[in-house]
Novice: 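Have a look at this one before I ask anything.
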Amino acid sequence: MKIGITCYPTYGGSGAVATELGLGLARRGHEVHFISYAQPFRLIHFIDGVYFHEVEVNRYPLFEYPPYSLALAVTMHEVARREALDLLHVHYAIPHATAGWIARDMLRDGGRDVKLVTTLHGTDITLVGQDPSYWSITRFSIEKSDRITAVSDWLRERTHRDFDCERCAIEVIPNFVDPKIYDRDRYRGRHLLARAGEKVVMHISNFRAVKRIPDLMQVFARVAHAVPARLILVGDGPERQRAAEIAADLGIAERVVFLGKIDSVAELLASADLFLLPSEQESFGLVALEAQASGVPVVGSAGTGLDEVVEHGVTGYLHPVGAVEAMATSAISVLSDEARWDAFSGASRDRALERFTIDRIIPRYESLYRRVLAEGDDDPGEPTA
Ligand code: GMT
């Protein structure tokens with residue numbers, strides 16, 4: 001198949017998943033065209049059948065806000081026509097599903113039927129999509145997609161609930177990892193992160209408010225008082241400065257290391273003892289899966305998509321959002337009991353291998369593509385869920 005993939009190129013799970021999917025599809029013999037305003041951050045090598053098309057946005061002085069969505073639709077249309085794409089698969093609904101809908105209609109007008117698949121990732125539904133300035137167009141664009149997928153049951157439920165969208169037949173296809181890349185035994189860099197005898201606690205994110213960075217620091221402060229430990233923070237974003245201020249206020253600044261943005265986190269995760277993700281909401285928590293595949297137990301928020309990734313009491317612990325005391329107690333219990341840590345680490349890796357490997361999940365996207373391509377031009381298809 002010839003597939004166009006659109007995603008955000010910036011650091012974040014949706015861009016990571018879209019890129020790994022595209023590379024995986026190309027390895028399986030498909031032709032993949034990435035279409036975005038910059039090269040996705042994990043697209044660091046090209047293999048046969050992978051192409052990148054940059055969307056150029058004209059910055060005419062009249063435009064206070066350059067219309068990226070239109071420029072994206074035009075590039076999608078051009079690439080789909082020139083490269084004879086079979087389908088456009090967009091990741092993160094805003095504005096990608098809308099641009100995809102425009103491009104698909106332009107193509108149909110020119111006599112070419114290209115299918116549109118939209119994958120919902122999280123805040124496109126739960127946060128940004130709920131803003132009155134985006135709600136109706138997001139709902140409309142999702143409904144106009146030929147197929148909709150969500151990365152967790154939790155996100156599918158939230159989409160039905162928050163968009164009151166009875167025509168949205170959403171198929172859940174979870175996020176995935178390549179267990180050959182996320183493998184504890186592959187790397188030996190622990191001595192670069194912490195002193196001998198110190199536990200390595202890690203957090204990787206875009207440091208947005210939804211990650212509840214103050215809670216993260218409160219949990220770690222309690223851990224650091226009980227166990228020799230170092231907090232390794234990877235990534236950057238609006239709350240990073242606040243994290244540094246809280247660390248200073250709590251007297252743990254020397255135990256906290258900021259590494260900034262790093263493209264490939266497998267090597268870091270392989271050196272971690274515990275991963276903390278106390279987010280307000282998390283539709284899936286790709287980074288928690290990457291941690292688990294690396295044999296790292298996770299402590300995070302219950303009542304989110306993390307419930308589908310982390311098995312409470314087996315691969316980590318999940319507590320209600322904001323329950324910093326409980327999270328800290330769980331973190332300390334797993335870090336200070338070697339036998340428990342070994343059991344959790346092994347179970348984490350097993351869970352990733354049993355449910356969320358790239359080899360299991362990519363065929364599910366291929367199957368979805370085949371089904372949608374087998375439909376006629378005007379057939380909206382059978383509801384898939
Ligand atoms: O939704 C976001 O804020 C960003 C997005 C991203 O691009 O990283 O994250 C979402 O998509 C990831 C990949 O599917 C999920 O693993 C994250 O849980 C999800 N983030 C949230 O729901 C907050």
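One-based numbering along the sequence shown. Treat the numbers as computed from the prediction; the structure is a model and nothing was measured. Start at 1 and go down the list; that is how both ligands and their atoms are numbered.
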Novice: Pairing donors with acceptors under 3.5 angstrom, does anything connect the side chains of Y92 and T119?
Specialist: no
Novice: Can you label the angle between the Y51 ring and the H33 ring as parallel, tilted or perpendicular, going by 30° and 60°?
Specialist: parallel
Novice: Please work out whether the ring planes of Y369 and Y365 are parallel, tilted or perpendicular, with thresholds of 30° and 60°.
Specialist: tilted
Novice: Quick test of your reading of the model: are R186 and E267 salt-bridged, counting only N-O distances below 4.0 Å?
Specialist: no
Novice: Is the shortest side-chain N to carboxylate O distance from R147 to E375 below 4.0 Å?
Specialist: yes
Novice: Under a 4.0 Å N-O cut-off, is there an ion pair linking K115 with D113?
Specialist: yes
Novice: Mind checking what residues have non-hydrogen atoms under 4.0 angstrom from ligand 1?
Specialist: G12, G13, S14, Y92, H121, G122, T123, V151, N175, R208, Q281, E282, S283, F284, G285, L286
